[in-house]
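Notes follow once the structure below has been shown.
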Amino acid sequence: MIETKSLSPLDPGVSVSLLGTGPMGAPIARNIIDAGVPLTLWNRTTQKAEAIEGGAVVLRPADAAADVVLTVLPDLPQVEALLEGDDGLLGGWAQAGVVDPVLVIHGTVSPTAVAAFAAHCKSRYGVVVIDAPLSGGTIGAEQGRLSIMTGGPASVVQWLTPLFELYSSTVMWFGETGAGAIVKACNQIVVAATVTALSESMALAKASGLDLEKVQAILKGGLANSEVLQQKGGRWITGDFHGGGSAKNQLKDLRFVTEAAADAGLSLPVTNTLTSAFQTMVTEGLGDLDHTGIYLSITSNRVKEPS
């Protein structure tokens with residue numbers, strides 16, 4: 001990593017960029033900029049990056065080849081695609097004279113694949129890859145209270161932590177690269193299960209003619225309360241499931257859970273059921289909706305009474 005370790009990643013002598021200004025990346029970028037840190041931005045759709053005031057927007061990943069590159073992209077293949085070629089990060093780092101750059105992967109990716117990717121990047125290119133998936137949703141990103149679960153060299157994570165703290169409330173190191181993705185897999189079991197359980201609860205309440213706002217008030221006052229209910233309860237009331245974390249990404253994450261469980265010699269029955277449920281939702285053409293939209297899949301498959 002950067003030889004002048006006395007420099008903080010927040011110091012002017014350290015360059016920082018963010019690639020991927022989608023629903024999570026955009027508020028993260030705004031929090032970094034609001035803290036006074038110069039930030040270079042790249043997004044495949046340039047207009048989305050240009051909508052973020054105060055960032056230096058570039059047209060190629062090569063021009064975003066900073067000392068620290070934060071990627072907020074859906075999966076590892078999108079990160080890998082940024083490396084090679086005339087417009088890629090590798091060429092940009094070489095041209096800028098960046099030695100031992102740090103590449104942070106904030107997306108939810110396969111634990112096995114990201115560990116292999118990190119080993120390849122370090123041995124072949126001298127790039128340190130930090131596995132740092134996020135939890136907290138778009139609201140957590142906007143409010144700067146994400147949880148970041150990290151894997152990679154502990155000293156590099158410690159060095160990055162002041163930067164991470166600009167958009168998170170919890171940063172925790174778990175081990176080598178891939179460990180963060182394992183923790184995110186654990187997180188996604190709970191998130192997917194909670195989203196689905198609440199959707200079933202709301203479906204039952206609605207089919208029974210109950211007031212969903214009042215039902216949610218009772219749930220929030222007891223053991224059934226959750227961050228999911230607090231952030232997303234209004235979706236079931238309004239019936240608006242557009243935007244947010246998509247069902248197809250939830251399905252992708254559940255497949256990573258299954259992969260990690262298999263590597264650990266486990267079979268997870270709840271995860272298997274959830275995977276099947278979200279696969280049905282995606283097959284029904286609802287994959288771009290927020291994952292709470294599984295409510296629509298549940299209510300469209302009501303049991304018919306025998307004639």
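In this text, all values refer to a predicted model and were calculated from it rather than measured experimentally.
Within a 6.0 Å radius of CD1 in Ile218, no more than 12 heavy atoms belonging to other residues, nucleotides or ligands are found. Crowding of Gln95 atom CD: a count of heavy atoms from other residues, nucleotides or ligands under 6.0 Å not exceeding 12.
Side-chain contact between Lys122 and Val127: absent, with no pair of heavy atoms (C-beta onward) separated by less than 4.5 Å. Inter-residue side-chain proximity for Leu219 and Ser226 is flagged as unmet; no heavy-atom pair is nearer than 4.5 Å. Residues Ile182 and Phe174 fail the side-chain proximity criterion, which asks for heavy atoms closer than 4.5 Å. The shortest distance between side-chain heavy atoms of Met24 and His106 does not fall below 4.5 Å. Residues Leu198 and Thr194 have side chains in contact (heavy-atom distance under 4.5 Å, counting atoms from C-beta outward). Side-chain contact check for Arg235 versus Tyr295: every heavy-atom pair is 4.5 Å or farther apart. Under the 4.5 Å side-chain criterion, counting only non-hydrogen atoms from C-beta, Val69 is in contact with Leu19. Proximity of Trp159 to Pro9: side-chain heavy atoms (C-beta onward) are separated by under 4.5 Å at one or more points.
Cluster annotation: Val157 is not connected to Val129 through the hydrophobic network of ILVMFWY side chains, with a link wherever side-chain heavy atoms come within less than 4.5 Å. Following chains of ILVMFWY side-chain contacts shorter than 4.5 Å, one cannot reach Val257 starting from Val114, and the two form parts of different hydrophobic clusters. Met172 and Tyr167 fall into different hydrophobic clusters, defined by Ile, Leu, Val, Met, Phe, Trp and Tyr side-chain heavy atoms under 4.5 Å apart, directly or through other members.
The backbone N or O of His291 lies less than 3.5 Å from no partner atom in the side chain of Gln250, so there is not a single donor-acceptor pair.
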Under the criterion side-chain contact (heavy atoms from CB on, under 4.5 Å), I'd like the reasoning laid out for Thr299 against Met202: C-alpha separation, chi angles, the key distance, then a yes or no. CA-CA 10 Å; Thr299 55; Met202 294 299 100; over 6 Å; no
| message | For Leu18 and Thr40: C-alpha separation, side-chain torsions, deciding distance, then whether side-chain contact (heavy atoms from CB on, under 4.5 Å) applies. | response | CA-CA 6 Å; Leu18 185 146; Thr40 300; over 6 Å; no
Residue pair Ile105, Phe117: steps toward the side-chain contact (heavy atoms from CB on, under 4.5 Å) verdict = CA-CA 11 Å; Ile105 299 177; Phe117 176 70; 3.8 Å; yes
Open item on the list: Please evaluate residues Ile294 and Leu286 with respect to the criterion side-chain contact (heavy atoms from CB on, under 4.5 Å), reporting the C-alpha separation (whole Å), side-chain torsions for both, the decisive distance (0.1 Å), and the verdict.
Closed with: CA-CA 8 Å; Ile294 198 166; Leu286 305 174; over 6 Å; no
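For the atom pair CG of Leu10 and CG of Leu166, the computed distance is 5.5 Å after rounding to the nearest 0.5 Å. Between the CZ atom of Arg30 and the CD1 atom of Ile28 there is a distance of 11.5 Å, given to the nearest 0.5 Å. Note that the OG1 atom of Thr112 and the CG atom of Leu76 stand 11.0 Å from one another [nearest 0.5 Å]. Separation of atoms CH2 (Trp93) and CG (Asp100) is listed at 11.0 Å; rounding is to 0.5 Å. The CD atom of Gln216 sits 4.0 Å away from atom CD1 of Ile237, with the distance rounded to the nearest 0.5 Å.
For the residue pair Trp236 / Ser199, a side-chain donor-acceptor distance below 3.5 Å is found, with atom types taken as modelled. No donor-acceptor contact under 3.5 angstrom links the side chains of Ser246 and Asp288, judged on distance only. Neither side chain, Thr150 nor Asp131, offers a donor N or O lying under 3.5 Å from an acceptor on the other. No hydrogens or angles considered: a donor-acceptor pair under 3.5 Å links the side chains of Thr108 and Lys184. The closest side-chain donor-acceptor pair between Glu259 and Ser110 falls under 3.5 angstrom.
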Could you pull out every donor-acceptor pair under 3.5 Å between side chains of residues 51-66 and any protein atom, sequence neighbours left out?
unit_1, atom_1, unit_2, atom_2, d
Arg60, NE, Asp63, OD2, 3.1
Arg60, NH1, Asp86, O, 3.3
Arg60, NH1, Asp87, OD1, 3.1
Arg60, NH2, Asp63, OD1, 2.9

Scan the side chains in residues 274-282 for donor-acceptor partners under 3.5 Å anywhere in the protein, sequence neighbours excluded, and list what turns up.
unit_1, atom_1, unit_2, atom_2, d
Thr275, OG1, Thr271, O, 2.8
Gln279, OE1, Arg255, NH2, 2.4
Gln279, NE2, Thr283, OG1, 3.1
Thr280, OG1, Ser276, O, 3.0

Per-pair distances, 0.1 Å, donor-acceptor, side chain in residues 136-144, under 3.5 Å, sequence neighbours excluded:
unit_1, atom_1, unit_2, atom_2, d
Gln143, OE1, Arg145, NE, 2.4
Gln143, OE1, Arg145, NH2, 3.1

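Scanning all heavy atoms of the two residues, the minimum distance from Lys220 to Leu229 falls at CG-CD2, 3.5 Å. Between Leu41 and Ala49, the shortest heavy-atom distance links the atoms CD1-O, 3.9 Å.
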